[in-house]
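Numbering starts at 1 and runs along the sequence shown.
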Amino acid sequence: MLFARDSPICVSLALFFRCKNNMNNLVLSLAPKFTKLQTLVLRQDKPQLEDNAVETIVSYCHDLQDLDLSKSFKLSDLSLYALAHGSPNLTKLNISGCTAFSDVSLEYLTEFCRKLKFLNLCGCVNGATDRALQAIGRNCSQLQSLNLGWCENVGDVGVMSLAYGCPDLRTLDLCGCVCITDDSVIALANRCPRLRSLCLYYCRNITDRAMYSLVHNRVKNKPATWESRKGRYDEEGLKSLNISQCTAITPPAVQALCDSFPALHTCSGRHSLVMSGCWNLTSVHCACAVQAHHTASSIPHPAH
């Protein structure tokens with residue numbers, strides 16, 4: 001299926017492909033006709049896209065800003081090298097599940113695509129390493145969102161480099177990054193004041209030390225004129241935190257975190273603080289959950 005907007009001045013801001021066969025040939029034939037393309041999402045039921053298609057895209061679509069190549073298992077480092085030279089204006093790139101990419105090619109990409117703001121590397125087990133993250137921190141200072149889910153080669157060196165080099169980071173998914181420790185979270189707390197969403201699912205080396213670092217920096221950044229800026233302050237800080245399966249964390253540390261960040265909720269229907277699998281944290285509650293409990297308990301019950 002193809003959606004395009006065509007005019008004498010502008011050709012297609014969005015191009016979507018959904019086809020079961022011959023996607024690679026379709027891209028090869030259509031790319032030369034959409035030279036003003038800015039957004040391209042390639043969705044595949046089965047892996048079809050090959051390096052020559054990506055090379056063709058970047059040869060003709062020099063205005064490309066948003067590219068989704070997720071689950072393109074046939075692509076190799078050649079595709080990232082092509083993007084590096086042909087798409088310097090990329091701000092959003094999704095290569096999740098592309099397991100063939102190496103950290104060398106990803107490092108090379110960041111040296112040319114320095115405008116990246118959104119990067120999805122979920123499942124890129126060979127590409128997402130500390131070496132790649134050091135390159136991202138060094139070259140992509142505008143980065144706002146990064147998904148590193150299940151990239152088990154990511155460690156503290158990489159995340160700390162990211163924190164120091166990407167101060168505008170707002171969303172970070174470290175799900176399944178089993179090698180990281182408290183040092184990664186401490187660096188993020190110290191260096192990324194705009195962080196709003198953090199996923200630490202299954203990061204079992206995370207302890208209370210990481211939680212208290214988030215609390216400490218929250219208190220440190222508290223406005224001097226508290227009452228006048230309370231509303232704005234409540235809107236800042238973490239809004240989403242997943243610490244599921246982080247079994248080393250204790251209730252006092254998480255309760256302190258919950259008390260410091262009003263947007264983190266444990267109450268029904270507003271689970272922005274996810275703690276599944278942490279049975280020792282069942283006593284932790286957000287402010288509105290506590291208030292609801294007190295309200296319910298104060299309602300007189302009819303006599304039997």
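Shown here for Ser141 and Pro167, the closest heavy-atom pair between the two residues is O-CD, 4.1 Å. When every heavy atom of Val274 is checked against every heavy atom of His271, the shortest pair comes out as CG2-O, 3.8 Å. Listed here is the closest heavy atom pair of Glu107 and Asn139: O-ND2, 4.5 Å. Considering every non-hydrogen atom in both Cys124 and Gly97, the closest pair reads SG-N, 4.2 Å. Summarising the geometry of His285 relative to Thr266, their closest heavy-atom pair is CA-OG1, 3.3 Å, with the distance given to 0.1 Å. Closest of all the heavy-atom pairs between Leu264 and Ser240 is CD2-N, 3.7 Å.
Within the 4.5 Å cutoff, the side chain of Leu90 has no heavy atoms near those of the Lys115 side chain. Side-chain atoms of Leu281 and Ile243, non-hydrogen and from C-beta on, do get closer than 4.5 Å to each other. Looking at Arg138 and Thr110, their side chains never come closer than 4.5 Å, going by heavy atoms from C-beta outward. At least one side-chain heavy atom of Val154 sits under 4.5 Å from a side-chain heavy atom of Cys177. Within the 4.5 Å cutoff, the side chain of His265 has heavy atoms near those of the Cys288 side chain. Two residues are said to be in side-chain contact when any heavy atoms from C-beta on lie closer than 4.5 Å; Lys74 and Asn24 fail this criterion. Residues Lys46 and Gln48 have side chains in contact (heavy-atom distance under 4.5 Å, counting atoms from C-beta outward). In this structure, Asn190 and Asn217 have side chains that are in contact, with non-hydrogen atoms separated by less than 4.5 Å.
One hydrophobic cluster, built from ILVMFWY side chains closer than 4.5 Å, holds both Leu109 and Val58. Under the 4.5 Å side-chain contact rule for hydrophobic residues, Val54 and Leu26 share a cluster. Both Leu93 and Leu40 are part of a single hydrophobic cluster, where members link through side-chain heavy atoms under 4.5 Å apart. Clustering ILVMFWY residues whenever any of their side-chain heavy atoms sit less than 4.5 angstrom apart, transitively, puts Val215 in the very cluster that holds Leu195. Note: the hydrophobic cluster containing Leu121 does not contain Tyr202 (ILVMFWY, side chain heavy atoms under 4.5 Å, direct or indirect links).
A donor atom on one side chain and an acceptor atom on the other are not found under 3.5 Å apart for Thr181 and Asn205. Under the 3.5 Å distance criterion, with hydrogens and angles disregarded, no donor-acceptor pair is assigned to the side chains of Asn153 and Thr129. Gln134 and Asp130 share no side-chain donor-acceptor pair at under 3.5 Å. There is no side-chain donor-acceptor pair under 3.5 Å between Ser102 and Asn126.
Judged by distance alone, with hydrogens and angles left aside, the side-chain atoms of Ser105 form no donor-acceptor pair with the main-chain N or O of Asp77 at under 3.5 Å. No donor-acceptor pair under 3.5 Å is formed between the side chain of Thr99 and the backbone N or O of Val125. Judged purely by atom type and a 3.5 angstrom limit, Arg191 has no side-chain atom pairing as donor or acceptor with the backbone of Ala189. Using modelled atom types, no side-chain atom of Asp103 and backbone atom of Leu133 make a donor-acceptor pair closer than 3.5 Å. The main-chain N or O of Ile180 is never found under 3.5 Å from a side-chain atom of Ser184 such that the two would form a donor-acceptor pair. The backbone N or O of Arg209 lies less than 3.5 Å from a partner atom in the side chain of Thr207, making a donor-acceptor pair.
Here the CZ-OG distance, from Phe261 to Ser272, works out to 11.5 Å after rounding to the nearest 0.5 Å. To the nearest 0.5 Å, the span separating CD on Gln245 from CE on Met275 amounts to 13.0 Å. Of the inter-residue distances, the one linking Gln255 atom CD with Ser260 atom OG reads 10.0 Å to the nearest 0.5 angstrom. One distance of note links SG of Cys98 with NZ of Lys71; it measures 11.0 Å at 0.5 Å rounding. Taking OH of Tyr201 as the start and OG of Ser276 as the end, the distance is 6.5 Å to the nearest 0.5 Å.
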Show me the donor-acceptor pairs, under 3.5 Å and distance only, between side chains in residues 61-69 and residues at least two apart or in other chains.
| residue | atom | partner | partner atom | Å |
| --- | --- | --- | --- | --- |
| His62 | NE2 | Ser59 | O | 3.0 |
| Asp68 | OD1 | Ser70 | N | 2.9 |
| Asp68 | OD1 | Ser70 | OG | 2.7 |

Listing, residues 142-150 side-chain donor-acceptor contacts under 3.5 Å, not counting sequence neighbours, or none:
| residue | atom | partner | partner atom | Å |
| --- | --- | --- | --- | --- |
| Gln144 | NE2 | Asp168 | OD2 | 3.3 |
| Asn147 | OD1 | Gly149 | N | 2.8 |

Give the intermediate values and the outcome of side chain to side chain contact (heavy atoms under 4.5 Å, CB included) for residues Tyr108 and Val104. CA-CA 6 Å; Tyr108 190 81; Val104 175; 5.8 Å; no
Can Leu75 and Phe101 be said to form a side chain to side chain contact (heavy atoms under 4.5 Å, CB included), step by step? CA-CA 8 Å; Leu75 298 184; Phe101 293 149; 3.8 Å; yes
Working note: Glu236 + Arg218, criterion side chain to side chain contact (heavy atoms under 4.5 Å, CB included); need CA distance, chi angles, decisive distance, verdict. CA-CA 9 Å; Glu236 298 173 347; Arg218 174 67 163 171; 4.1 Å; yes
Is there a side-chain hydrogen bond (donor to acceptor under 3.5 Å, both in side chains) between Thr171 and Ser197? Walk through the geometry before answering. CA-CA 5 Å; Thr171 300; Ser197 177; 4.8 Å; no
Decide yes or no on side chain to side chain contact (heavy atoms under 4.5 Å, CB included) for Leu238 and Leu214, but give the supporting numbers first. CA-CA 9 Å; Leu238 280 176; Leu214 292 167; 4.1 Å; yes
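Taking a 6.0 Å sphere around CZ of Phe112, one finds it holds more than 12 heavy atoms contributed by other residues, nucleotides or ligands. The environment of OH in Tyr212 is crowded: more than 12 heavy-atom neighbours from other residues, nucleotides or ligands sit within 6.0 Å.
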